[in-house]
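Just so you know, ligand 1 is whichever comes first in the structure, and atom 1 is the first atom listed for that ligand. One-based numbering along the sequence shown. The model shown is predicted, which means the values in this text are computed figures rather than measured ones.
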Amino acid sequence: MGKKIKIEKKVLEENEKLAAAIRSKLKDKRILALNLVSSPGSGKTSLLEKTLGALKNKLNMGVIAGDVQTENDANRLIKAGGKIVRPLITGGACHLDARMVAQVLEEFELTNLDVLFIENVGNLVCPAGYDLGEDMKVVLISTTEGHDKPLKYPAMFRRSSVLVINKTDLLGLSDFDMDAVKKNAQGINPELKTFEISCRKEVGLDSWYNWLTGEVGRKKSVTR
Ligand code: MG
Ligand code: ZN
C-alpha cells in the first residue's frame, strides 16, 4: 500500500469513529439528521429556506450550514426563520468531516430538536466519502446541470437515500432530460426516493414536507 493511500485510510477510519459517536448521540435524542449534498448552486440553501419557513410551527429544526469561506448561507437561513442555525466554515476544505460537525454539536442545543440538517460544501466528490453521523444523505441536482451527473459521480448517488431534482420551472430551457437523469440515478441506486421540485416557484414541495415529517415521526418511534 502506498504512503498516501495509508494516510487516507487512517483519516477515513478516524472519521468513521467520530461519525458513529455523532450517530449514537442523535439516536439517543431521536433527532433525524440529513446531510445535504450537491454541486454548488443546485439549491441546498433554497430548499432549507423553504422548509424552515413552511414547517416552523410543526418541527423544531436545526441547521449546520457548511461553507468554504462565508456565512452567507447561514444568514439566509436565519432570515428565513431558522432559529438554530450555525455556520461551519471549512476555511478552504472542500467537504465537511465528522470532527467539524462534532465540534459544532458541542454547543448546539439538541433538546427538543426534531431534525438536524447539515448543509455540506457544494461538491459531489469527497463529501460522498465522509460520514457525518447522518441518517441519510439527500443529494440535489438542478435542471441547469447535466443529466449525466449520476453517471459522473456514482459514489454520491449510491450513498444517498434521497434525490431532489430542483429548478423544474426551468425545464425546457436547457438540454436537461428529466427521464434520463432519473434513469441514470435509478440505475446506480434503485432505492433512491425522488422528488421533483422548484424552490423558486414552490412546486412539488408538499411531498418533500410530507416525507420529511413522516421520517421525523419514524425516528421518534424507534425504540432505543
Ligand atoms: Mg448553500
Ligand atoms: Zn474534499
Where at least one partner belongs to residues 112-133, residue pairs that pass side-chain hydrogen bond (donor to acceptor under 3.5 Å, both in side chains), sequence neighbours excluded
Arg23-Asp131, Asn35-Asn120, Thr45-Glu119, Asp114-Lys220

Using the rule given for side chain to side chain donor-acceptor pair (under 3.5 Å), can you reason through Thr213 versus Lys58, listing the C-alpha separation, both sets of side-chain angles and the distance that settles it, and then say yes or no?
CA-CA 9 Å; Thr213 311; Lys58 238 179 164 178; 4.6 Å; no

Indicate whether the side chain of Thr194 and that of Glu196 have a donor and an acceptor atom separated by less than 3.5 Å.
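Looking only at side-chain atoms, Glu196 and Thr194 do not form any donor-acceptor pair under 3.5 Å.
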
Salt-bridge criterion met for Lys9 and Glu13 (N-O under 4.0 Å):
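The answer is yes: the pair qualifies as a salt bridge.
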
Under 2.8 Å from the Zn ion (ligand 2), the protein N, O or S atoms found are Cys94 SG, His95 ND1, Cys126 SG

Within one Ile-Leu-Val-Met-Phe-Trp-Tyr cluster: [X] and [Y], side-chain cutoff 4.5 Å:
X      : Y      : result
Val68  : Leu132 : yes
Leu116 : Leu59  : no
Val181 : Phe195 : no

For Asn210, is the CG atom crowded, meaning more than 12 foreign heavy atoms sit under 6.0 Å from it?
yes

At a cut-off of 2.8 Å, list the protein N/O/S atoms near the Mg ion (ligand 1), residue plus atom name.
Thr45 OG1, Asp73 OD2, Glu119 OE2

Report, one line per pair, each donor and acceptor closer than 3.5 Å where one atom sits in a side chain of residues 77-95; sequence neighbours left out.
from  : atom 1 : to    : atom 2 : distance (Å)
Thr90 : OG1    : Ala93 : N      : 3.3
Thr90 : OG1    : Ala93 : O      : 2.6

